[in-house]
Peer 1: 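Take this structure, written in structure tokens, and hold onto it; I'll ask about it next.
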Amino acid sequence: MNIIELHDLDCEGIGMFTSLTEAQLRNAAEADSGIFIAESPKVIRVALACGMQPVALLCEERHITGDASDIIARCPDIPVYTGSRELLCRITGYTLTRGVLCAMRRPQLPTVAVACAGAPRVAVIDGVCDTTNIGAIFRSASALGVGAVLLTPSSCDPLNRRAVRVSMGTVFTVPWTYLPAEGAYDILRESGYKIAALALSDNSVPIDDAALCAEPRLALVLGTEGDGLSRQAIEGADYVARIPMSHGVDSLNVAAASAVAFWATRHRSA
């Protein structure tokens with residue numbers, strides 16, 4: 001084991017762990033380093049099982065022979081930086097959840113066609129920038145049979161530390177990639193998808209509409225809570241679908257709405 005004990009904030013090699021504010025993680029997709037951070041032993045195990053390549057581990061001393069012992073045994077060649085909980089909090093800028101971080105190389109993203117291959121249902125995340133919502137959407141997608149997640153360039157990075165943790169590692173198990181800024185619907189239609197925009201409009205149908213649910217290939221488009229989907233995104237869709245509400249409530253949090261939509265439109269084999 002390559003254990004490196006930390007005594008101060010200036011140890012060589014820990015730069016990838018030292019400035020992990022949420023703002024910096026949000027821009028990780030633009031970083032030259034090609035590194036993302038997975039947090040907690042459970043999430044790290046999922047990432048490793050899905051082929052993610054570890055670079056370095058940062059963990060509390062007690063986890064070396066505890067929660068992280070199997071991860072360290074599985075990755076014997078990477079450096080394992082360790083120290084007290086207080087020191088690691090000072091290094092990272094926050095208290096570690098479950099006391100373990102792993103820096104990993106960002107994977108090469110698939111094409112849209114490869115990501116969607118064989119998927120009757122896909123989710124399109126359009127301009128959602130909240131990392132917690134991104135993680136929750138991935139978790140619902142995995143649980144409810146959505147075969148791929150596609151994101152517009154204005155959406156936040158699914159490999160943001162918080163998004164990865166909230167997803168419980170499903171960002172590694174559900175295929176995903178980015179759509180181009182222009183012509184996204186054309187690409188989806190070329191792959192045989194009908195497009196359903198989740199929005200409130202005069203021509204919307206209930207999310208459990210029979211014709212909508214019967215579509216053999218369906219792409220569900222989800223927008224931000226504040227502005228929702230653009231007029232262009234709505235007008236370009238084949239369906240506009242709404243979740244019926246009670247008590248004067250007009251919408252749900254996008255993560256909650258995604259779970260309802262994924263369940264209501266789930267693919268039923270003939």
Peer 1: Using 0.5 Å steps for rounding, measure from the CD1 atom of I44 to the CD atom of E39.
Peer 2: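 Separation between the atoms: 8.5 Å.
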Peer 1: Could you grab the distance from atom OH of Y239 to atom CD of E215, nearest 0.5 Å is fine?
Peer 2: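 Going from the OH atom of Y239 to the CD atom of E215 covers 3.5 Å.
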Peer 1: CG/L200 to CE/M245 distance, rounded to the nearest 0.5 angstrom?
Peer 2: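 If I round to the nearest 0.5 Å, the distance is 7.5 Å.
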Peer 1: Might you work through the side chain to side chain contact (heavy atoms under 4.5 Å, CB included) test for L159 and R106, ending with a clear yes or no?
Peer 2: CA-CA 8 Å; L159 294 181; R106 297 182 66 90; 3.7 Å; yes
Peer 1: If the threshold is 4.0 Å, N to carboxylate O, is there a salt bridge linking D67 and R45?
Peer 2: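 Answer for the salt bridge query: no.
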Peer 1: CG of L198 to CD1 of I243: how many Å apart, nearest 0.5 Å?
Peer 2: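 These two atoms lie 5.5 Å from each other.
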Peer 1: Show the nearest heavy-atom pair for residues P41 and V100, with the distance to one decimal.
Peer 2: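 For P41 versus V100, the nearest heavy atoms are CG-CG2, 3.9 Å.
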Peer 1: Measuring from S154:OG to D126:CG, what's the distance to the nearest 0.5 Å?
Peer 2: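 Taking OG in S154 and CG in D126, the distance rounds to 5.5 Å.
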Peer 1: Side-chain contact, heavy-atom cut-off 4.5 Å: L218 with P120?
Peer 2: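 A side-chain contact under 4.5 Å is absent here.
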Peer 1: How about T170 and T173: does a side-chain donor come under 3.5 Å of a side-chain acceptor?
Peer 2: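 T170 vs T173: no donor-acceptor pair found between side chains.
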Peer 1: CG of N133 to CG of N253: how many Å apart, nearest 0.5 Å?
Peer 2: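 Spacing of CG (N133) from CG (N253) equals 4.5 Å.
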Peer 1: Check step by step if side chain to side chain contact (heavy atoms under 4.5 Å, CB included) holds for V221 and I195.
Peer 2: CA-CA 7 Å; V221 187; I195 298 160; 3.6 Å; yes
Peer 1: Do you know the tightest heavy-atom contact between L222 and S258?
Peer 2: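 Closest approach of L222 to S258: CD1-CB, 3.7 Å.
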